[in-house]
There are 2 protein chains.
Amino acid sequence: MPRSQPLNDQALEIVARRFAVLAEPMRLRLIQALFDGEKNVTELTVLTGGTQANISRHLQTLIAAHILARRKDGLQVFYRISDPTIPKLCELVCGSLEKSLKKQAGHLNPSR
Amino acid sequence: MPRSQPLNDQALEIVARRFAVLAEPMRLRLIQALFDGEKNVTELTVLTGGTQANISRHLQTLIAAHILARRKDGLQVFYRISDPTIPKLCELVCGSLEKSLKKQAGHLNPSR
DNA sequence: CAAGTATATACGCATTTGCTCATATATTAA
DNA sequence: TTAATATATGAGCAAATGCGTATATACTTG
């Protein structure tokens with residue numbers, strides 16, 4: 001979000017949509033599972049502990065958002081992270097999460 | 001999101017919730033409006049073109065997420081960005097948005 | 001205290017979204 | 001072609017969420 005000029009309505013909707021796609025624990029789990037390389041739907045279903053239908057749906061959502069890409073090989077479809085900003089984004093949020101947890105711990109156990 | 005160990009369920013929910021808070025155009029507009037310093041509710045209501053009730057609600061959401069902080073001065077309440085990762089996050093998403101728009105433009109107007 | 005201003009909140013409604021179950025669509029193999 | 005496997009999708013339901021209207025709360029001033 002550039003500081004110079006505010007985003008117009010359409011751009012804001014696109015940015016908001018992008019955040020919305022990342023706003024589901026199951027989708028974050030899928031992204032996490034793909035950090036170390038591509039996996040097919042069955043593998044992802046097992047890894048995340050979801051139903052096949054639900055995992056497939058979330059994968060379509062991530063594809064539509066251009067966060068993942070797919071490669072078909074016979075019966076199987078392999079998914080991988082296609083947007084390089086995604087890992088950075090996740091790390092940024094995670095870092096701030098860790099910080100606030102530390103701060104909380106500090107408040108629970110003050111120095112005096 | 002650290003690559004070493006996957007986040008547990010609770011951490012995933014917290015991260016997802018953080019993204020969800022950023023997944024509303026009106027809240028992004030508020031954040032944008034606060035990039036150049038604190039503003040009170042009336043100012044924000046005028047700048048964003050929302051109703052007072054709605055703006056107030058969104059501000060409470062952003063406060064609960066520790067993205068904004070508030071300062072009361074008499075009748076007025078001033079809000080400001082309190083989480084330093086927010087501008088970085090927005091820039092990251094915006095940058096990727098610009099890139100994909102350029103790519104799209106490129107496809108619409110190929111070199112040959 | 002009464003009136004006026006700034007902000008927050010309760011309520012109800014409409015929309016969106018995630019989930020499950022069942023089924024459809026490939027693709028491969030017999 | 002038939003059966004089996006992997007993935008995608010349609011239908012319906014329940015929960016979450018955003019918004020407007022009206023009202024409540026807090027603070028200031030006369």
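In what follows, every chain begins at residue 1, and chains take the letters A, B, ... in the order their sequences are listed.
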Does the side chain of A/Leu97 come within less than 4.5 Å of B/Arg18's, by heavy atoms? no
Would you say A/Arg29 and B/Asp9 make side-chain contact, with heavy atoms under 4.5 Å? yes
Spacing of [X] atom [atom1] relative to [N] atom [atom2], expressed in whole Å:
| X | N | atom1 | atom2 | result |
| --- | --- | --- | --- | --- |
| A/Arg71 | C/dA26 | CZ | P | 20 Å |
| A/Leu62 | D/dA8 | CG | C1' | 15 Å |
| B/Gln60 | D/dC19 | CD | P | 15 Å |
| A/Leu30 | D/dT7 | CG | P | 13 Å |
| B/Leu59 | C/dA6 | CG | P | 16 Å |
| A/Asn40 | D/dA6 | CG | P | 9 Å |
| B/Ile55 | D/dG18 | CD1 | C1' | 12 Å |
| B/Leu75 | C/dA6 | CG | C1' | 5 Å |

B/Thr42 side-chain proximity, nearest of C/dT5, C/dT7, D/dT7: C/dT7
Examine [N]: is either OP1 or OP2 under 4.0 Å from a nitrogen or oxygen in the side chain of [X]? Give yes or no.
| X | N | value |
| --- | --- | --- |
| B/Arg57 | D/dT17 | no |
| A/Gln52 | D/dT7 | no |
| A/His58 | C/dC19 | yes |
| B/Tyr79 | C/dA8 | yes |
| A/Asn54 | C/dG18 | no |
| A/Lys72 | C/dT27 | yes |

Can you work out whether A/Asp73 or A/Arg27 has the more 5'-proximal nearest nucleotide on DNA chain C? A/Arg27
Given side-chain contact (heavy atoms from CB on, under 4.5 Å), test B/Glu38 with B/Glu43 step by step and report yes or no. CA-CA 10 Å; B/Glu38 68 174 17; B/Glu43 289 174 314; over 6 Å; no
Result of checking A/Leu22, A/Leu89, A/Val21 against A/Ile31 for side chain to side chain contact (heavy atoms under 4.5 Å, CB included): A/Leu22
Touch class at under 4.0 angstrom, heavy-atom based, for A/Arg17 against every strand present: sugar-phosphate
Classify the nucleic acid contact of B/Ser56 as base, sugar-phosphate or nothing, counting any heavy atom under 4.0 Å across all strands shown. base
For B/Lys39, does the NZ atom have more than 12 heavy-atom neighbours from other residues, nucleotides or ligands under 6.0 Å away? yes
